[in-house]
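Have a look at the structure below, then the notes.
Because the structure is predicted, anything quoted here is derived from the model rather than measured. Each chain gets a letter, A, B and so on, in the order its sequence line appears, and its residues count up from 1. Both backbone and side-chain heavy atoms feed into the values below; hydrogens, waters and symmetry mates do not.
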Amino acid sequence: MNKRVRVRFAPSPTGGLHLGGVRTVLYNYLFAKANGGDFVLRIEDTDQTRFVEGAEQYILDCLAWCGLEPDESTVKGGPYAPYRQSERKELYREYAEKLIASGHAYYAFDTPADLEEMRSKHRVDEHSTVQYDRTTRMHMRNSLTLSGDAVLELLNNGTPYVVRIKMPENETIVFSDMIRGDISFDSNLVDDKVLLKADGMPTYHLAVVVDDYLMKITHAFRGEEWLPSAPVHLLLWDFLGWKEDMPQWAHLPLILKPDGNGKLSKRDGDRLGFPVFAMNWYDPAKNETTTGFREIGFLPQAFTNMLAMLGWNDGTGKEVMSMEELIKAFSIERVHKGGAKFDFEKAKWFNNQYIQQTDNETLAKLALPYVAAQGGHPSPELFLKVIGLIKERCTLLPDFWAQGHFFFETPEIKELPAIQDKWNEAKRSFFESWLSGLELLSVWTDVAIEQHFNDYIAQHGLKKGDAMLPLRIMLVGGKYGPGVFHIADLIGKEETIKRIQTALAQL
RNA sequence: GGCGCGUUGGUCAAUCGGUUAAGACGCCUCCCUUUCACGGAGGAAUGACGGGUUCGACUCCCGUACGUGCUACCA
């Protein structure tokens, strides 16, 4: 019997949504869609000290922007609601107690000071860490060392406690990862992880197992940082008697910083000048905003396509793929084992590719806010024409202003020196006479303007090359942009004449 | 320190025992373009190291090095 495929993305609402997080969502989503399954969003807000107001809504917004909408979530609901772990709090205790009853877990009454003392007392050297495990548990205050009556009394008088898993001794825990193959751990080296905290909330370890079981998750994809705690989760599935229903695991490689080594962090983005979060993230505690890919002008399709290729490819060499193509081609087994360094240049290349294949009407809608923010308010007709003319030189949405501002405002002539260097009376007299000719030109098209220009150049015994660059700088302000006569055509006769006159006055 | 995971050009990477070791980004040169960009044609640049196994290893095995993750009542 084939179970319906169900996957989940389970973030903590603690801050901005990182590149790696989005990629995890993406791989989950692609896998779910490829297999006709469900994609669930579950909010893991079990750490009340790290909870950040607004973070959950932000995650929802990011997924919406990326086009990775969950089938079940805190806002959408679903058959396994609630999808927020804080609202499922009471449910986990039952399983913790079940584990205690079967001897796989125990109560521990140690205070933070007790733990600190234990760690410093048993420490061999400064590099080693002392774990709460088979070697130390019998020296602590817990239901393994205390008598049944003593435990009962502590429980009854409200002494704070946690529930810890009792790791078995001398067992090799093996599981098969869909990306990495067989991985094994020595149970002696894994510590007695806390399952239920003193505040009654479960830790990640208990919550993820219970909820994946209850929500009938069939495949669990998560970051590689979870690999070391996988044996705890495996054992929990076993101890709770759910082994048959355990999802298949896949631990995704990390996204690394471009220079040096290590996991890509928000700080690296700030340092190297690129975003790390999907969308702008406002941190209420620090009262600061971190820039997102959306805001610097990425198209969501380019963003997700780029992320898909960071650690996976279909083997054909094809890189630009729509969501539909990705769904069709994706296979979790082809995800790489090794981490990938993030390359912002490549990311921008993807965006440029998407800008080229997006129609002008859509681009106009996307780019308008960036142009308007700079004071550009072109008519829809002009804007559409300009976009068609300059899109190939635009990588990020704000480039539509940088590459086309001279269509929407009279530009400052920044490169006047470039004209001045070779300026002479012959050129001046050409421009002055061409200007008066221009006033009379009745057909205002790029072809007509250029022909007219050519005629005057010939009459003045100049070479066309002598006047092309000056004309460009007069109209554009710098040495860039589409063909000059095309520009003159679009900005109109009056504006063209005005710009040439202004420039002449400065020479 | 312990444990896990990883390692093909600067970066993303194909290869699944036999190839001149693809392709893309970036970089360089040339062409196109009387600007810039696009486009086109080229170029430089890669299997961490040491042992095996094999007729033959980038590919399989072992070791070393390096990197990285975890080692919390955080996820």
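- When distances run from any side-chain atom of Thr46(A) to the nucleotides G69(B), A75(B), A14(B), the shortest one goes to A75(B).
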Contact state string [nucleotides 21-29 of chain B, B base, S sugar-phosphate only, - no protein heavy atom under 4.0 Å] = ---BB----

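- A cation-pi arrangement, defined by a distance under 6.0 Å to the six-membered ring centre and an angle within 45 degrees of its axis, is present between Lys346(A) and Trp349(A).
- Side-chain N/O atoms of Asn313(A) include one lying less than 4.0 angstrom from OP1 or OP2 on A14(B).
- When heavy atoms are screened at a 4.0 angstrom cut-off, Pro258(A) is found touching no nucleic acid atom at all.
- Looking at the side chain of Lys464(A), the nearest of the listed nucleotides U34(B), C73(B), G4(B) is U34(B).
- Residues Phe221(A) and Tyr27(A) place their aromatic rings such that the two centres sit no closer than 6.0 Å.
- Residue contacts shown for Phe185(A) are limited to sugar-phosphate atoms, with no base heavy atom under 4.0 Å away.
- The residue Lys348(A) sits apart from the nucleic acid: no heavy atom pair falls under 4.0 Å.
- Of the candidate nucleotides U35(B), A75(B), C5(B), C5(B) has the atom lying nearest to any side-chain atom of Leu227(A).
- Across all strands, His251(A) comes closer than 4.0 Å to no nucleic acid atom at all (heavy-atom distances).
- Straight-line distance between the C1' atoms of G43(B) and G9(B): roughly 14 Å, to the nearest whole Å.
- When heavy atoms are screened at a 4.0 angstrom cut-off, Thr14(A) is found touching no nucleic acid atom at all.
- Close to C73(B), at under 4.0 Å from its OP1 or OP2, lies no side-chain N or O of Arg50(A).
- Aromatic pair Phe274(A)/Phe293(A): centroids not less than 6.0 angstrom apart.
- Remark: Arg164(A) is in phosphate contact with C73(B), judged by side-chain N or O atoms under 4.0 Å from OP1 or OP2.
- Remark: the separation of the P atoms in C3(B) and C16(B) is 35 Å, to the nearest Å.
- Stem regions for RNA chain B, each three or more consecutive Watson-Crick or G-U pairs with both distances under 3.5 Å and listed by first number, read B:1-7 with B:65-71, B:10-12 with B:23-25, B:27-31 with B:39-43, B:48-52 with B:60-64.
- Between the base of G4(B) and the side chain of Ser184(A) there is no donor-acceptor pair shorter than 3.5 Å.
- Of the candidates U34(B), G4(B), A75(B), the closest approach to any side-chain atom of Asp47(A) belongs to A75(B).
- Taking atom P in both A45(B) and U53(B), the straight-line distance is 34 Å, to the nearest Å.
- Here G1(B) is the nucleotide among G1(B), A14(B), C73(B) with the atom lying nearest to any side-chain atom of Thr129(A).
- Each of Asp466(A) and Pro11(A) has a nearest nucleotide on RNA chain B; the 5'-most of these lies closest to Asp466(A).
- Comparing Gly483(A) and Leu310(A) against RNA chain B, the residue whose closest nucleotide sits nearer the 5' end is Leu310(A).
- Residue contacts for Gln131(A): at a heavy-atom cut-off of 4.0 Å it reaches the sugar-phosphate backbone alone, with no base atom in range.
- Aromatic rings from Phe430(A) and Phe453(A) are positioned such that their centres are separated by under 6.0 Å.
- Side-chain N/O atoms of Lys341(A) include one lying less than 4.0 angstrom from OP1 or OP2 on U11(B).
- Set against C73(B), A37(B), C5(B), the side chain of Glu392(A) has A37(B) as its closest nucleotide.
- Residues Tyr95(A) and Tyr213(A) place their aromatic rings such that the two centres sit no closer than 6.0 Å.
- For the pair Arg164(A) and Tyr132(A), the cation-pi test (distance below 6.0 Å, angle within 45°) is passed.
- Here Thr49(A) does not reach the OP1 or OP2 of C74(B): none of its side-chain N or O atoms lies under 4.0 Å away.
- If you check the side chains of Tyr204(A) and Asp47(A), you find no donor sitting under 3.5 Å from an acceptor.
- Nearest to the side chain of Ala198(A), among C5(B), A14(B), C73(B), sits C73(B).
- The nucleotide whose nearest atom lies closest to any side-chain atom of Glu224(A) is, among G4(B), U68(B), U35(B), G4(B).
- Using atom P as the reference point in both C70(B) and A14(B), the two lie 25 Å apart (nearest Å).
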